[in-house]
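These notes are about the structure you will find just below.
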Amino acid sequence: MMITDKFNRPLRDLRISVTDRCNFRCAYCMPAEVFGEGYRFLPREELLSFEEITRLTQILVRLGAVKLRLTGGEPLVRQDLEKLVAMLAPIDGVDDLALTTNAYFLPQKAEALREAGLQRVTVSLDSLDDEVFQRMNGRRASVDKVLEGIAAAEQVGFAPIKINTVVQRGVNDHTIVDLARYARERGWIIRFIEYMDVGTMNGWKMDDVVSAKEIVARIDAELPLEPIERNYRSEVARRYRYRDGSGEIGLITSVTQPFCGDCSRMRLSPEGSLFTCLFASEGTDLRGPMRDGASDDDLEAIIRNTWGSRIDRYSEERSEMTTPRREKVQMYHIGG
Ligand code: SAM
Ligand code: SF4
Ligand code: SF4
């Protein structure tokens, strides 16, 4: 039942954004000036219920999405997320069920998530320097708080932990070698992400991007690295290992070396729209038809059509553009 898009790319990964809310205000994602007191997040009734998410996921898995990732906003601010995990984990055909989180609520949640069947956890941590980190997250959490969350995840058996680090020039780039070293000592796999022009609100400029090449060079100068092969075709991270055999790092090169040609990701937004690209301006509504009584076959037809007509290759096109596209979905909405 595998489906392919206009460029013959299969559907393999599904990112499920369970909420548009977050307890952090990372300037590159949800800047505090924009997402202040008066900001109107989605009202509860507009969010898909866990039953609705599960139903759509079952259909998407039948169509090829074998890797699932829960994201947001901050997925752990959605109440009882472990219940959703317990509903998704047993779906026939799901090979991988992962979570991307800022780790703030992991001390309370890690055990329940593990018991519910979550397989892997990725934690976002941009610096070990508390001043730098707090500036980046809108002063919502200290480094220690995130480290506590990681420790809680490790304690219940999530290993190896993956770390996501967005690198911004002049903001945290001077702290990446320390972070790489710290991760290596603990057996964490760290992935450095080139700062992207997601959404329309982070004031992105090419000058703020530190290229993967530069990131590798800076780490290699202190901790020698060598490239390794990808695990599978649509793996987005370029991987390097330490020459002394002590672990690996990944680079998400979405800006300087786009990987649209192998992109097999579908994104489901909290209110039930499908997005075929991180930079799409519009999604395809599934909640409306679902709440109007569409059958699984009807929903499957919409999904087939959405993926079947997919021509997205924004990151490749970006290199050809002089100004960033103005209409884009926001990152906190579809979860990266
Ligand atoms: N709140 C969770 C977290 O931060 O891990 C999950 C959602 S967050 C939107 C998913 C990932 O997107 C995070 O690792 C975050 O660092 C990354 N991200 C957000 N804005 C970004 C940007 N402008 N460029 C690159 N990565 C970004
Ligand atoms: Fe929240 Fe994650 Fe966005 Fe930071 S990156 S504001 S933690 S959703
Ligand atoms: Fe996939 Fe769109 Fe990113 Fe290209 S820009 S890799 S199509 S999500």
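Both counts, for ligands and for their atoms, begin at 1 and track the order of listing. Side-chain atoms are counted along with the backbone in the values below, which use heavy atoms only and exclude waters and symmetry mates.
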Asp207/Arg169 ion pair, N-O < 4.0 Å: no
Have Asp297 and Ser295 got a donor and an acceptor in their side chains that come within less than 3.5 Å? no
Looking at Val166, is its backbone amide N or carbonyl O close enough to the side chain of Asn172 to form a donor-acceptor pair, meaning the two atoms are under 3.5 Å apart? yes
Write out the residue and atom name of the closest protein heavy atom to atom 1 (Fe) of ligand 2, then the distance separating them to 0.1 Å. Cys22 SG, 2.3 Å
Among non-hydrogen protein atoms, atom 14 (O) of ligand 1 lies closest to Ser124 OG, 2.7 Å
For atom 4 (Fe) of ligand 3, what's the nearest protein heavy atom and its distance? Cys260 SG, 2.3 Å
Would Asp197 and Tyr314 count as having a side-chain donor-acceptor pair, cut-off 3.5 Å? yes
Whether Cys29 has an N, O or S atom under 2.8 Å from atom 1 (Fe) of ligand 2: no
To the nearest 0.1 Å, how far is atom 20 (N) of ligand 1 from its closest protein heavy atom, and which atom is that? Tyr28 CD1, 3.2 Å
If we count only N and O atoms by modelled type, under 3.5 Å, do the side chains of Arg238 and Gln257 hold a donor and an acceptor together? yes
Thr122-Arg69 side chain donor-acceptor pair, cut-off 3.5 Å: yes
Looking at Asp129 and Arg135, is any side-chain nitrogen of the basic one under 4.0 Å from a carboxylate oxygen of the acidic one? no
Using a 4.0 Å cut-off to any heavy atom of Glu194, which atoms of ligand 1 qualify? 25 (C)
With heavy atoms under 4.0 Å as the rule, classify the contact between Arg267 and ligand 3 as side chain, backbone, both or neither. side chain
Distance (rounded to the nearest 0.5 Å) between Leu42 CG and Asp20 CG: 4.0 Å
Taking only non-hydrogen atoms of Ser315 and a 4.0 Å limit, the atoms of ligand 3 in range are 5 (S)
Show which atoms of ligand 3 fall inside a sub-4.0 Å distance from at least one heavy-atom site of Asp312. 7 (S)
Strictly below 4.0 Å, N to O, side chains only: are Arg218 and Asp173 in salt-bridge contact? yes
Per-atom contacts of ligand 1 with Asn164, taking only distances under 4.0 Å to non-hydrogen atoms: 14 (O)
Under 4.0 Å, heavy atoms only, figure out whether ligand 1 is touched by the backbone of Val123, its side chain, both or neither. neither
Mode of Val166 contact toward ligand 1 - side chain, backbone, both, neither (heavy atoms, under 4.0 Å): side chain
Only heavy atoms count here, so choose which of Arg69, Lys162, Glu74 is nearest to atom 2 (C) of ligand 1. Glu74
Ion pair Glu154/Arg186, N-O distance below 4.0 Å: no
Flag the pair Arg21 and Glu74 as a salt bridge only when some basic side-chain nitrogen lies within less than 4.0 angstrom of an acidic carboxylate oxygen. no
Give, for atom CD1 of Ile219 and atom CZ of Arg181, the distance between the pair rounded to the nearest 0.5 Å. 10.0 Å
Using a 4.0 Å cutoff against the non-hydrogen atoms of Asn102, which atoms of ligand 2 qualify? 7 (S)
Note: ligand 2 atoms sitting under 4.0 Å from heavy atoms of Gly73 are 8 (S)
Ligand 1 to Cys29, heavy atom cutoff 4.0 Å, flagged ligand atoms 19 (C), 20 (N)
Using a 4.0 Å cutoff against the non-hydrogen atoms of Tyr314, which atoms of ligand 3 qualify? 5 (S)
Among all protein non-hydrogen atoms, which one is nearest to atom 8 (S) of ligand 3, and what is the separation to 0.1 Å? Leu278 N, 3.3 Å
Test item: side-chain donor near acceptor, Asn102 and Asn137, under 3.5 Å: no
As a test of understanding, state which of Glu46, Glu271, Glu51, Glu52 forms a salt bridge (Lys or Arg N to Asp or Glu O under 4.0 Å) with Arg291. Glu52
Using a strict cut-off of 4.0 Å, indicate which atoms of ligand 1 neighbour a heavy atom of Ile193. 25 (C), 26 (N)
Which atoms from ligand 2 have a heavy atom of Cys26 less than 4.0 Å away? 4 (Fe), 5 (S), 6 (S), 7 (S)
Atoms of ligand 1 under 4.0 Å from any heavy atom of Thr71, numbered from 1 in the order shown, are 6 (C), 7 (C)
Can we say Asp96 and Arg120 salt-bridge, meaning some charged N sits less than 4.0 Å from an Asp/Glu carboxylate O? yes
Numbered in order shown, the ligand 3 atoms found under 4.0 Å of a heavy atom of Phe279 are 5 (S)
Closest to atom 18 (N) of ligand 1 among protein heavy atoms sits Met331 CE, 3.2 Å
Is Asp126 in polar range of ligand 1, meaning some N or O pair under 3.5 Å apart? no
Element-labelled atoms of ligand 3 that are located less than 4.0 Å from some non-hydrogen atom of Phe259: 6 (S)
Assess, by modelled atom type and distance only, whether the side chains of Thr256 and Ser211 contain a donor and an acceptor separated by less than 3.5 Å. no
Suppose I only count heavy atoms of Cys277 and a 4.0 Å limit; which atoms of ligand 3 are within that range? 2 (Fe), 5 (S), 7 (S), 8 (S)
Atom 1 (Fe) of ligand 3 reached by Cys263 (N, O or S, under 2.8 Å): yes
Report the nearest protein non-hydrogen atom to atom 22 (C) of ligand 1: residue, atom name, distance rounded to 0.1 Å. Val198 CG2, 3.6 Å
Write out the residue and atom name of the closest protein heavy atom to atom 8 (S) of ligand 1, then the distance separating them to 0.1 Å. Gly335 O, 4.4 Å
Suppose we measure from atom 24 (N) of ligand 1 to each protein heavy atom; which comes out shortest, and what is that distance? Met196 N, 2.9 Å
Between Tyr28 and Trp204, does the ring centroid distance fall short of 6.0 Å? no
Does either side chain, that of Arg184 or that of Ser246, offer a donor lying less than 3.5 Å from an acceptor on the other one? yes
Run down the list Gly72, Cys22, Gly73 and name the one with the heavy atom closest to atom 1 (N) of ligand 1. Gly73
